[in-house]
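Computed from a predicted model, the values in this text were never measured in an experiment.
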Amino acid sequence: MPGDGRFWRDVVDSLDTLSGVAGEGGALFGGSFDPVHVAHLIVAETAADALGCNVRFLPAREQPFKRAAHQATPEQRAEMLDLAVSGNGRLSVERVELGLPTPSYTVRTLRALGDREPGNRFTLLLGADAAADLAAWWEVEALPGLADIVVFARPGASVLPHPLIKRVIPVPMIDLSATNVRERVKQGISIRYLVPDPVREYIGTHGLYR
């Protein structure tokens, strides 16, 4: 990333050529979502605008690079996502990984979706941190045949040049993580406005993150 904060342009296409990137399968936004919070939703909404497509949240059953175990079950995390996107026709929840073997390798997931939806081309949304680990992904060489990769980056984030990255989408800076939300719940501090109200109520009803 250049010293003036601009994104690299030698590998990543300019930001004014975003239209038409997403294939018929739409965009896939994977992650733990333990729990989903407003920053996740803002990224998805920004991507839907930038790419002109619907976005599917893709909760992982078990992320290969995650150091600690998920605290909510896969189905609980998917249910919280259902609550979070309710009423937004551009956002939905894709549960395909919940029925696949662990760990949840992206290539395996994309193949399962391709088998289920033949002819669809998918766009994979990655944060800058995840994109930096691309070289270590399982069967990364198969990715170009399965999906196009679009990276979302917050102001000041470095996006390392990589031949697989097709676009970079700038998204608002919001200093919020699922870890922050879980810690606040554990300490008995309010998470109102950090997660959608139905998600907050779900967390309380099911006694999560205590």
Find the distance between [atom1] ([X]) and [atom2] ([Y]) and round it off to the nearest 0.5 Å.
{"X": "Leu143", "Y": "Phe122", "atom1": "CG", "atom2": "CZ", "value": "13.0 Å"}
{"X": "Leu146", "Y": "Arg108", "atom1": "CG", "atom2": "CZ", "value": "13.0 Å"}
{"X": "Leu126", "Y": "Leu134", "atom1": "CG", "atom2": "CG", "value": "6.0 Å"}
{"X": "Leu91", "Y": "Leu41", "atom1": "CG", "atom2": "CG", "value": "7.0 Å"}
{"X": "Thr106", "Y": "Trp137", "atom1": "OG1", "atom2": "CH2", "value": "4.0 Å"}
{"X": "Arg192", "Y": "Glu201", "atom1": "CZ", "atom2": "CD", "value": "8.5 Å"}

*Asn88, CG: over 12 other non-hydrogen atoms inside 6.0 angstrom*: yes

*Within a reach of under 6.0 Å around CG of Asp175, are more than 12 heavy atoms found that belong to other residues, nucleotides or ligands?*
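No - once you tally the heavy atoms of other residues, nucleotides and ligands closer than 6.0 Å, there are 12 at most.
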
*Do you see a donor-acceptor pair shorter than 3.5 Å between the side chains of Ser177 and Asn180?*
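A pair is found: one side chain offers a donor N or O, the other an acceptor, under 3.5 Å apart.
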
*Decide whether Gln63 and Ser32 meet the rule of one side-chain donor and one side-chain acceptor closer than 3.5 Å.*
yes

Counting distance only, does the side-chain N/O of [X] pair as donor-acceptor with the main-chain N or O of [Y] below 3.5 Å?
{"X": "Gln76", "Y": "Thr73", "answer": "yes"}
{"X": "Arg184", "Y": "Thr179", "answer": "no"}
{"X": "Arg77", "Y": "Ala60", "answer": "yes"}
{"X": "Ser104", "Y": "Arg61", "answer": "yes"}
{"X": "Thr109", "Y": "Tyr105", "answer": "yes"}
{"X": "Arg121", "Y": "Ala147", "answer": "yes"}
{"X": "Asp34", "Y": "His70", "answer": "no"}

Heavy atoms, side chains only, cut-off 4.5 Å: are [X] and [Y] in contact?
{"X": "Leu164", "Y": "Pro144", "answer": "yes"}
{"X": "Arg154", "Y": "Val43", "answer": "yes"}
{"X": "Arg56", "Y": "Leu113", "answer": "yes"}
{"X": "Ile42", "Y": "Glu45", "answer": "no"}
{"X": "Val168", "Y": "Val150", "answer": "no"}

Does [X] come within less than 4.0 Å of [Y], counting only side-chain N to carboxylate O?
{"X": "Arg90", "Y": "Asp49", "result": "yes"}
{"X": "Arg111", "Y": "Glu97", "result": "no"}
{"X": "Asp82", "Y": "Arg95", "result": "yes"}

How far apart are the closest heavy atoms of [X] and [Y], and which atoms are they?
{"X": "Ala72", "Y": "Tyr209", "answer": "CB-OH, 3.6 Å"}
{"X": "Pro155", "Y": "Pro172", "answer": "CD-C, 4.2 Å"}
{"X": "Ala153", "Y": "Val159", "answer": "CB-CG2, 3.7 Å"}
{"X": "Pro118", "Y": "Asp115", "answer": "CD-O, 3.6 Å"}
{"X": "Pro59", "Y": "Ala78", "answer": "CG-CB, 4.2 Å"}
{"X": "Val96", "Y": "Glu94", "answer": "N-OE2, 3.0 Å"}

*Intermediate values then yes/no, side-chain contact (heavy atoms from CB on, under 4.5 Å), Val199 and Ile191*: CA-CA 10 Å; Val199 173; Ile191 57 171; over 6 Å; no

*Check the pair Glu139 / Glu141 against side-chain contact (heavy atoms from CB on, under 4.5 Å), numbers first and verdict last.*
CA-CA 5 Å; Glu139 290 192 28; Glu141 68 280 358; 4.0 Å; yes

_Between His37 and Leu194, does the side-chain contact (heavy atoms from CB on, under 4.5 Å) criterion hold? Intermediate values first, please._
CA-CA 6 Å; His37 52 69; Leu194 302 182; 5.5 Å; no

*Hey, can you tell me if His40 and Phe33 have their rings parallel, tilted or perpendicular (30° and 60° cut-offs)?*
perpendicular

*Quick one: do Val38 and Leu176 satisfy side-chain contact (heavy atoms from CB on, under 4.5 Å)? Show the steps, please.*
CA-CA 8 Å; Val38 294; Leu176 177 62; 3.6 Å; yes

